[in-house]
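Not measured: the values here are computed from a predicted model. In each ligand, atom 1 is the first atom listed, and ligand 1 is the first ligand listed. Heads up: numbering here begins at 1 and tracks the sequence.
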Amino acid sequence: MRLENKVAIVTGAATGIGRAIATRFAHEGASVVVDYVGPEGTAADVEKEISSFGGKSVAIGADVSKPDHVQTLIDGAVKAFGKLDIVVNNAGIEKKFAFVDYPFEELQKILAVNLMGPFLVSQAAGRQMIQQGQGGRIINISSVHEDLPMPTNAAYCASKGGLRMLTRTIAVELAKYNITVNNIGPGAVYTPIDADIEAKPELEKALMAEIPLNRWGKPEEIASLAVFLASDEAAYITGSTYFIDGGMLRQSGSY
Ligand code: BGC
């Protein structure tokens, strides 16, 4: 087990990539806080799944875009498991509109969850880790779109581009406390965020044509990389983005 005696928070852990990371971390011996928003139902399922193999977890409802919720989340982790070692900023949302029609409220929501969320959670977690004095790990689930433009997705791309620089900046600031900060940049992973594409074969085909390995990524494949970055083996890695995209970023059109 690679994360024995570690305490981890995974935001947005009720579904998709977050759920895969939470369950995998628990398999690796970590005690996991399953953060969720809205009804507890699916987060409770994640807790059940984790306890089915003897893992430890607690579900805490907290909206990462709200500073008071974020503090409740950090305090909840420490109360449940005594400390905090690893944070995975996974919670994210996406909505597509033509740039000229992009509604202001949607822009605000996306920046609040995808960019201000990791800022606030990393800040509160950083304070806790500094106080503990044992270092720590911050892992942000970014996207190929921290680098790759995507028409109709300006708010999401802006949030992920911001996350890229947030990571680089705080990695430098937190290095003296032995807290590392890295991004994982997934490509197209089969999760509810892409339900619109998954439901339409012609859209799915067009997306697959952009991916040299010609398939969706699996949430478990993202979780494997997250385990590595959270483990002792990754102690010297900070301030970088690790793309996991089936080659998508290296493709220039189809032929
Ligand atoms: C987005 C998906 C998109 C994928 C590849 C992800 O970050 O959430 O909507 O399919 O990138 O473009």
Side-chain angles (χ1 to χ4, degrees), residues 10-22 35-37 42 64-65 88-99 101-103 106-119 121 139-168 182-226 229 240-254:
V10 183
T11 70
T15 59
I17 292 173
R19 179 177 182 148
I21 293 175
D35 161 77
Y36 67 95
V37 270
T42 40
V64 296
S65 68
V88 181
N89 285 305
N90 165 77
I93 53 175
E94 179 173 22
K95 237 177 181 177
K96 296 175 189 141
F97 297 94
F99 172 60
D101 300 327
Y102 215 99
E106 299 297 346
L107 169 65
Q108 273 184 316
K109 245 189 264 170
I110 288 174
L111 293 180
V113 174
N114 295 8
L115 182 56
M116 281 167 52
F119 189 113
V121 173
I139 300 165
N140 300 313
I141 305 304
S142 178
S143 165
V144 286
H145 299 300
E146 70 165 50
D147 217 25
L148 183 69
M150 185 176 189
T152 76
N153 218 357
Y156 183 83
C157 291
S159 72
K160 298 300 185 180
L163 190 53
R164 176 185 177 95
M165 281 311 295
L166 175 67
T167 291
R168 292 175 178 202
N182 291 289
N183 278 12
I184 292 177
V189 179
Y190 200 87
T191 72
I193 210 170
D194 271 339
D196 53 335
I197 302 173
E198 290 151 16
K200 293 206 183 101
E202 67 286 3
L203 290 184
E204 190 175 43
K205 201 170 162 223
L207 177 60
M208 291 309 119
E210 290 178 28
I211 303 168
L213 287 180
N214 202 241
R215 66 167 175 86
W216 291 95
K218 300 177 200 147
E220 295 73 28
E221 292 174 307
I222 312 304
S224 297
L225 181 52
L229 288 172
S240 288
T241 295
Y242 294 84
F243 290 110
I244 172 163
D245 67 349
M248 191 182 206
L249 275 177
R250 300 292 170 255
Q251 169 95 311
S252 148
S254 40

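Within a 6.0 Å sphere centred on NZ of K218, other residues, nucleotides and ligands contribute 12 heavy atoms or fewer. The environment of CZ in R215 is crowded: more than 12 heavy-atom neighbours from other residues, nucleotides or ligands sit within 6.0 Å.
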Distance-only criterion, 3.5 Å: show the donor-acceptor pairs between side-chain atoms of residues 143-166 and protein atoms not counting sequence neighbours.
unit_1	atom_1	unit_2	atom_2	d
S143	OG	H145	N	2.8
H145	ND1	L148	O	2.9
E146	OE1	S142	OG	2.7
E146	OE1	N183	ND2	2.8
E146	OE1	T241	OG1	3.4
E146	OE2	R164	NH1	2.9
E146	OE2	T241	OG1	2.7
N153	ND2	E94	OE2	2.5
S159	OG	N114	ND2	3.2
S159	OG	Y156	O	2.6
K160	NZ	I141	O	3.1

Would you tabulate the side-chain donor-acceptor contacts of residues 191-201 under 3.5 Å, counting partners in other chains and residues two or more places apart, or write 'none'?
unit_1	atom_1	unit_2	atom_2	d
T191	OG1	I193	N	3.4
E198	OE2	T191	N	3.2

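Applying the ring pair (Phe, Tyr, Trp, His ring centres under 6.0 Å) definition to pairs two or more places apart or across chains, those involving residues 190-222 are Y190-W216.
Paired with T11 under the rule side chain to side chain contact (heavy atoms under 4.5 Å, CB included), one option of V37, I21, N90 passes, and it is N90.
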For ligand 1, what N or O to protein N or O distances fall under 3.5 Å?
unit_1	atom_1	unit_2	atom_2	d
ligand 1	7 (O)	S143	OG	2.6
ligand 1	7 (O)	Y156	OH	2.7
ligand 1	8 (O)	E94	OE1	2.7
ligand 1	8 (O)	Y156	OH	3.0
ligand 1	9 (O)	E94	OE1	2.9
ligand 1	9 (O)	E94	OE2	3.1
ligand 1	9 (O)	D194	OD1	2.6
ligand 1	10 (O)	D194	OD2	2.9
ligand 1	11 (O)	H145	NE2	3.3
ligand 1	12 (O)	H145	NE2	2.7

